[in-house]
Amino acid sequence: MIHDARVQPLRPGTPRRQGFVLLWVQASVRTRDNHALEYAVREANRLNLPLVATFGLTPGYPEANARHYAYLLEGLRDLRINLAARDVPLRVTLGSPPQVALNAAGEGAALVVTDVGYTRLQREWREWLAARLDVPLVQVESEAVIPVGVVSGKQEYAARTIRPKIHRLWHDYLVPLEAHDLKKRSRDWDGGEDITDPTRLLKTLPIDHSVPPGEEEGGETAAHDLLEDFITRKLDGYDTRRNDPTVDGSSRLSAHLHYGHLSPLTAALAAREHPGPDTDAFLEELIVRRELSFNYTTYNPHYDRYAGLPAWARATLEEHAGDRREHTYTRAELDAAQTHDPYWNAAQRQMTRTGRMHNYMRMYWGKKIIEWTPTPQQAFETLLWLNNRHEQDGRDPNSWVGVGWVFGLHDRPWTRRPIFGTVRYMNAGGLKRKFDIEKYARQWAEEGSPEPRTR
Ligand SMILES: Cc1cc2nc3c(=O)[nH]c(=O)nc-3n(C[C@H](O)[C@H](O)[C@H](O)COP(=O)(O)OP(=O)(O)OC[C@H]3O[C@@H](n4cnc5c(N)ncnc54)[C@H](O)[C@@H]3O)c2cc1C
């Protein structure tokens, strides 16, 4: 079922009765539980037209490097195969995504359907296209379990304020999405770039190649294997094991969710087949926390800047900006994991080598950067830079909110301390109490820890 609230016309009008329906794939790079795809199939069948898909591959995506592009290309490889099995040919074209979509529409589209993203650039792309098309453009929201605008019309203060709103609605939206067969096949739709070998294509792209691909593989197939492994092997015990960075206790699905290789609906429905406290804890992260991040980037125009942080947090950090810092490090020293703190260095190495730092260590890692940087503004910039450069799931609404949380976003004032003021503080004592941090430091020691997968 496609809830009406998921569907929003960006350029209203009546579709032409000839040509094809065009699916402009941008955020939802998958065939399973993709509401934009199913809406496009439904419309193509109603109009008795074929459906074709297009993806604009821009080498200039902000902050994206080879680690991110490798994952993206693996997703496109799977998408082409899986769409072909639904009789929908996919064309991948190098260029500005909305321009690529406009050009494709110019070949005879009756209607253009796209998905929804929650960052400024993604919104601008859709507005740009809507202003130039001469056929209707409809966006269909599939990256959130519940459409962001339905949950709330304003920026929420914290998880505690958005949680009841989400809980009230989720039974209406946690419903399976039916896939229909396409009635009419497209005869000719050129595929554009050859994406059968993502490694080969990656090498040819004019992008930042200084960060190698991460440990995990992208794409819809890998996403579903990981989900199945999580549900069968790790969901039971998730609520306690996910907080121990020395064990593999969380789902590791964040990058697949970021790239749209996995629908949050698929993950939530699979988890709900195993009711219990671990499933509740997983749904809290997957839906409440993740969609709180979408709320922030949707309603806070400064979401990616220090200025977006709550006023109380900025005021208290600035009041303490002149406090003495016992250690300070440059961005390069931090990037190279050259600090006096073996736990912090281990976390940094886990991230740079694999593309994934454990959630618990992300919090400690971020708090220390505030402590070791001359000003909170500089700390914010450095933290975001490191996060988005190395994390496979970086450049996501969760990135800005995760980093923002370190600076007091969606949190409350705590006891006053030097440098932090009333922003929450974390020290290594907490790590020692909660798990075997020495083991974690050994796992990610300077020598001997796993090197990144070569592709
Ligand atoms: C400083 C800092 C930076 C962060 N940067 C990112 C980032 O760049 N990208 C990113 O996706 N997450 C980020 N997070 C949030 C969180 O650390 C990751 O989502 C989580 O570690 C992903 O691992 P997982 O998929 O195994 O999570 P699981 O525990 O299996 O959770 C399931 C899903 O719920 C969502 N989720 C989990 N924790 C959070 C959270 N705290 N906030 C919002 N959603 C959550 C994710 O989509 C995740 O895949 C950051 C947190 C901090 C403190």
Side-chain angles (χ1 to χ4, degrees), residues 63-64 67-68 71 118-119 143-145 156 158-159 162-163 166 214-216 223 226-227 229-231 233-235 237-245 247-268 270-271 278-297 303-304 344 347-348 350-351 354-370 379-380 382-411 423-424 426:
E63 298 188 273
R67 175 160 294 178
H68 308 116
Y71 212 82
Y118 305 99
T119 63
E143 295 316 287
V145 170
E156 293 292 334
I162 205 170
R163 187 178 296 113
I166 288 183
E215 191 183 62
E216 289 165 8
L226 209 56
L227 176 64
D229 180 57
F230 173 67
I231 300 289
R233 204 172 59 79
K234 299 199 286 184
L235 180 56
Y238 166 81
D239 199 19
T240 44
R241 284 167 54 84
R242 74 192 163 114
N243 288 321
D244 183 347
V247 299
D248 176 24
S250 69
S251 73
R252 304 164 80 114
L253 290 170
S254 53
H256 287 297
L257 290 162
H258 168 75
Y259 288 85
H261 300 166
L262 175 72
S263 159
L265 178 66
T266 313
D278 291 310
T279 294
D280 294 345
F282 178 64
L283 295 181
E284 163 75 14
E285 301 302 325
L286 178 73
I287 307 180
V288 176
R289 298 279 167 173
R290 184 166 175 269
E291 298 188 11
L292 176 62
S293 298
F294 294 166
N295 170 277
Y296 183 63
T297 59
Y303 68 80
D304 51 352
W344 193 94
Q348 174 71 14
Q350 181 183 24
M351 175 179 70
T354 67
R356 162 174 300 284
M357 187 192 298
H358 190 277
N359 176 51
Y360 203 88
M361 294 308 294
R362 291 191 204 206
M363 301 192 247
Y364 177 76
W365 171 79
K367 294 286 184 186
K368 290 291 139 186
I369 293 180
I370 296 188
F380 183 86
T382 298
L383 191 45
L384 258 187
W385 181 77
L386 288 169
N387 188 91
N388 287 352
R389 180 168 162 77
H390 297 292
E391 293 285 16
Q392 191 71 73
D393 60 18
R395 306 163 307 115
D396 186 85
N398 276 350
S399 315
W400 294 294
V401 169
V403 167
W405 177 85
V406 169
F407 292 79
L409 175 67
H410 297 153
D411 204 359
V423 165
R424 187 199 294 247
M426 265 177 96

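Quick note: residue numbers are just sequence positions, from 1. Reckoned from all heavy atoms, side chains included, excluding hydrogens, waters and symmetry mates. Both ligands and their constituent atoms are indexed starting at 1 by order of listing.
Side-chain N or O atoms of Arg356 include one that pairs as donor or acceptor with a backbone N or O of Arg252 at under 3.5 Å.
The existence of a salt bridge linking Asp396 and Arg290 is excluded, since no basic side-chain nitrogen approaches an acidic carboxylate oxygen closer than 4.0 Å.
Listed by chain and number, Tyr238, Ser250, Ser251, Arg252, Leu253, Ser254, Leu257, Phe282, Glu285, Leu286, Arg289, Arg290, Arg356, Asn359, Arg362, Met363, Asn387, Asp393, Gly394, Asn398, Ser399, Gly402, Val406 each place a non-hydrogen atom less than 4.0 angstrom from ligand 1.
Each ring pair (Phe, Tyr, Trp, His ring centres under 6.0 Å) pair with one or both residues in residues 382-408, not counting sequence neighbours, appears once here: Tyr303-Trp400, Phe380-Phe407.
Contact check for His256 versus Glu216: no side-chain heavy atoms found under the 4.5 Å cut-off. The side-chain heavy atoms of Tyr360 and Asp244, taken from C-beta on, include no pair separated by under 4.5 Å.
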For this session: Start with the C-alpha gap between Arg233 and Asp248, add the side-chain angles, then the distance that decides, and say whether salt bridge (Lys or Arg N to Asp or Glu O under 4.0 Å) holds.
Result: CA-CA 11 Å; Arg233 204 172 59 79; Asp248 176 24; 3.7 Å; yes
